[in-house]
Amino acid sequence: MHSIPTDFSLQGKNLYFASDFHLGAPSEAESKIREKRIIRWLESIEDQAAGVFLVGDIFDFWFEYKQVVPKGFIPFIAKISQLRDRGIPVFFFTGNHDLWMKDYFTHELGIPVYTEPITIAVAGKSILIGHGDGLGPGDHSYKLIKKVFTNPLAKWLFRWLHPDIGIKLAKLWSGHSRISNIEKDENRFLGDDEWLWAYCKEMEAKTHHDLYIFGHRHLPLELEVGENSTYYNLGEWVTQNTFLEFDGKEAQLKTFEH
């Protein structure tokens with residue numbers, strides 16, 4: 001688990017957290033509409049943003065070849081580049097759909113990319129942030145798939161596919177994902193079987209965090225972990241448009257009214 005050494009100084013501003021944009025799914029036309037909506041949200045918060053955390057599955061598929069990255073998403077990339085030019089820190093996390101992100105955003109835009117949960121300190125509070133895939137007692141099928149997808153040999157073999165072939169195969173795969181088949185109604189609250197909530201309780205028993213912030217679940221949640229600890233799930237942007245705002249004292253799940 002990696003940590004950002006900085007204790008954030010908000011100076012009267014807020015931190016913003018969002019995840020699961022799934023840009024590219026379920027179709028190019030629908031993705032472009034969503035991309036414009038996300039840009040409008042970023043524009044609406046940038047004057048009050050001390051930092052923006054994009055907590056995984058920002059892209060429905062992303063694979064970095066040595067000299068090639070996926071086509072598209074230029075308006076979104078231009079917007080986060082503009083945020084960086086204004087001096088607003090932006091942090092990327094990989095999710096299960098874009099877990100093959102490497103250093104393109106770091107080299108080109110100065111945006112760090114995290115593949116594991118991190119802990120930050122803000123206004124005396126400890127916050128654990130991650131996408132959430134593969135954590136907790138559930139998600140067994142994905143945990144197996146992740147071992148394959150993150151295997152160095154598998155990545156090396158995939159890189160030898162021509163990008164036109166590799167990206168086409170990946171898009172076919174993502175067409176079977178939860179976000180592309182949201183009518184399956186998998187986003188019901190599972191009570192004590194919420195595995196990310198269970199993971200937060202497990203972590204809290206070892207080390208206290210005031211806030212636990214995750215994506216992946218596609219269901220906005222605010223659940224008590226301990227007496228002074230709360231788990232938030234960020235939801236998704238295909239149908240919900242939800243994000244978390246933290247002012248150093250209070251965290252609020254909000255919906256962007258586009």
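- Within a 6.0 Å radius of NZ in Lys79, more than 12 heavy atoms belonging to other residues, nucleotides or ligands are found.
- Taking the six-membered ring where the residue is Trp, Phe59 and Phe92 present parallel rings, their angle staying beneath 30° rather than reaching 60°.
- Using a cut-off of 4.0 Å between Lys/Arg side-chain N and Asp/Glu carboxylate O, Asp47 and Arg86 are scored as salt-bridged.
- In this structure, the side chains of Leu42 and Leu83 come closer than 4.5 Å at one or more pairs of heavy atoms.
- A donor-acceptor pair under 3.5 Å is absent between the side-chain atoms of Tyr212 and the main chain of Lys201, judged by distance alone.
- Put simply, CD on Gln82 and CD on Glu43 are 7.0 Å apart, with the number rounded to the nearest 0.5 Å.
- Of the inter-residue distances, the one linking Trp197 atom CH2 with Glu224 atom CD reads 8.5 Å to the nearest 0.5 angstrom.
- Between Asn241 and Arg37 the shortest side-chain heavy-atom distance falls below 4.5 Å.
- Closest of all the heavy-atom pairs between Glu204 and Ser229 is OE1-OG, 3.4 Å.
- Interatomic distance, Glu108 CD to Arg84 CZ, rounded to the nearest 0.5 Å: 13.5 Å.
- For Glu236 and Thr239, the side-chain atoms include at least one donor-acceptor pair closer than 3.5 Å.
- Contact detail for Phe256 and Ser44: the closest heavy-atom pair is CE1-OG, 3.9 Å.
- Heavy-atom minimum distance, Leu221 versus Leu253: O-CD1, 3.4 Å.
- Between Trp237 and His218, the distance from one ring center to the other does not fall under 6.0 angstrom.
- Looking at Glu245 and Gln48, their side chains never come closer than 4.5 Å, going by heavy atoms from C-beta outward.
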For this session: Show your reasoning for whether side chain to side chain contact (heavy atoms under 4.5 Å, CB included) applies to His209 and Thr119.
Result: CA-CA 9 Å; His209 296 86; Thr119 300; 3.5 Å; yes
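- With hydrogens and angles ignored, the 3.5 Å screen pairs no side-chain donor or acceptor of Asp98 with any backbone N or O of Met101.
- What you find for Ser19 and Gly215 is that their closest heavy atoms are OG-CA, 3.3 Å.
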For this session: Apply side chain to side chain contact (heavy atoms under 4.5 Å, CB included) to the pair Met203 and Tyr199, showing each step before the final yes or no.
Result: CA-CA 6 Å; Met203 292 298 297; Tyr199 172 79; 3.5 Å; yes
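- Exactly one of Asn96, Leu54, Ile58 qualifies for a side-chain contact (heavy atoms from CB on, under 4.5 Å) with His131. That residue is Asn96.
- The aromatic ring centres of Phe105 and Trp62 sit less than 6.0 Å apart.
- Side-chain atoms of Leu190 and Arg217, non-hydrogen and from C-beta on, do get closer than 4.5 Å to each other.
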For this session: Could you go through the side chain to side chain contact (heavy atoms under 4.5 Å, CB included) check for Thr115 and Phe93 one step at a time?
Result: CA-CA 6 Å; Thr115 60; Phe93 292 74; over 6 Å; no
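- Side-chain atoms of His22 and Asp20 include a donor-acceptor pair closer than 3.5 Å.
- The side-chain heavy atoms of Asn14 and Phe246, taken from C-beta on, include no pair separated by under 4.5 Å.
- Between His216 atom NE2 and Leu135 atom CG the span is 8.5 Å, to the nearest 0.5 Å.
- Between Cys200 and Phe214, the closest heavy-atom pair is SG-CE1, 3.7 Å.
- Here the side chain of Thr242 pairs a donor or acceptor atom with the backbone of Leu234 at under 3.5 angstrom.
- Under a hydrophobic-cluster definition in which Ile, Leu, Val, Met, Phe, Trp and Tyr are linked whenever side-chain heavy atoms come within less than 4.5 Å, directly or via other members, Phe21 and Ile39 are assigned to different clusters.
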For this session: Output, in order, the C-alpha distance, side-chain angles, deciding distance and verdict of side chain to side chain contact (heavy atoms under 4.5 Å, CB included) for Ile88 and Val52.
Result: CA-CA 7 Å; Ile88 301 170; Val52 177; 4.3 Å; yes
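- You'll find the ring centres of Phe53 and Tyr16 outside the 6.0 Å limit.
- Using a 4.5 Å cut-off on side-chain heavy atoms (C-beta onward), Leu23 and Ile38 make contact.
- Using a 3.5 Å distance cut-off with no hydrogens or angles, the side chains of Glu30 and Ser27 do pair a donor with an acceptor.
- Shortest non-hydrogen contact noted between Phe73 and Glu35 is CA-OE2, 3.2 Å.
- To the nearest 0.5 Å, atom CG of residue Leu196 and atom CG of residue Leu223 are 10.5 Å apart.
- Side-chain atoms of Leu10 and Leu15, non-hydrogen and from C-beta on, do get closer than 4.5 Å to each other.
- Residues meeting the side chain to side chain contact (heavy atoms under 4.5 Å, CB included) test with Asp210, sequence neighbours left out: Lys125, Ser126, His208.
- The closest side-chain heavy-atom distance from Ile80 to Ile111 is below 4.5 Å.
- Side-chain N/O atoms of Glu222 and Tyr231 include no donor and acceptor closer than 3.5 Å.
- Taken to the nearest 0.5 Å, the CG atom of Asp60 stands 8.0 Å off from the CZ atom of Arg34.
- Atom CG of Asp85 has more than 12 heavy atoms from other residues, nucleotides or ligands within 6.0 Å.
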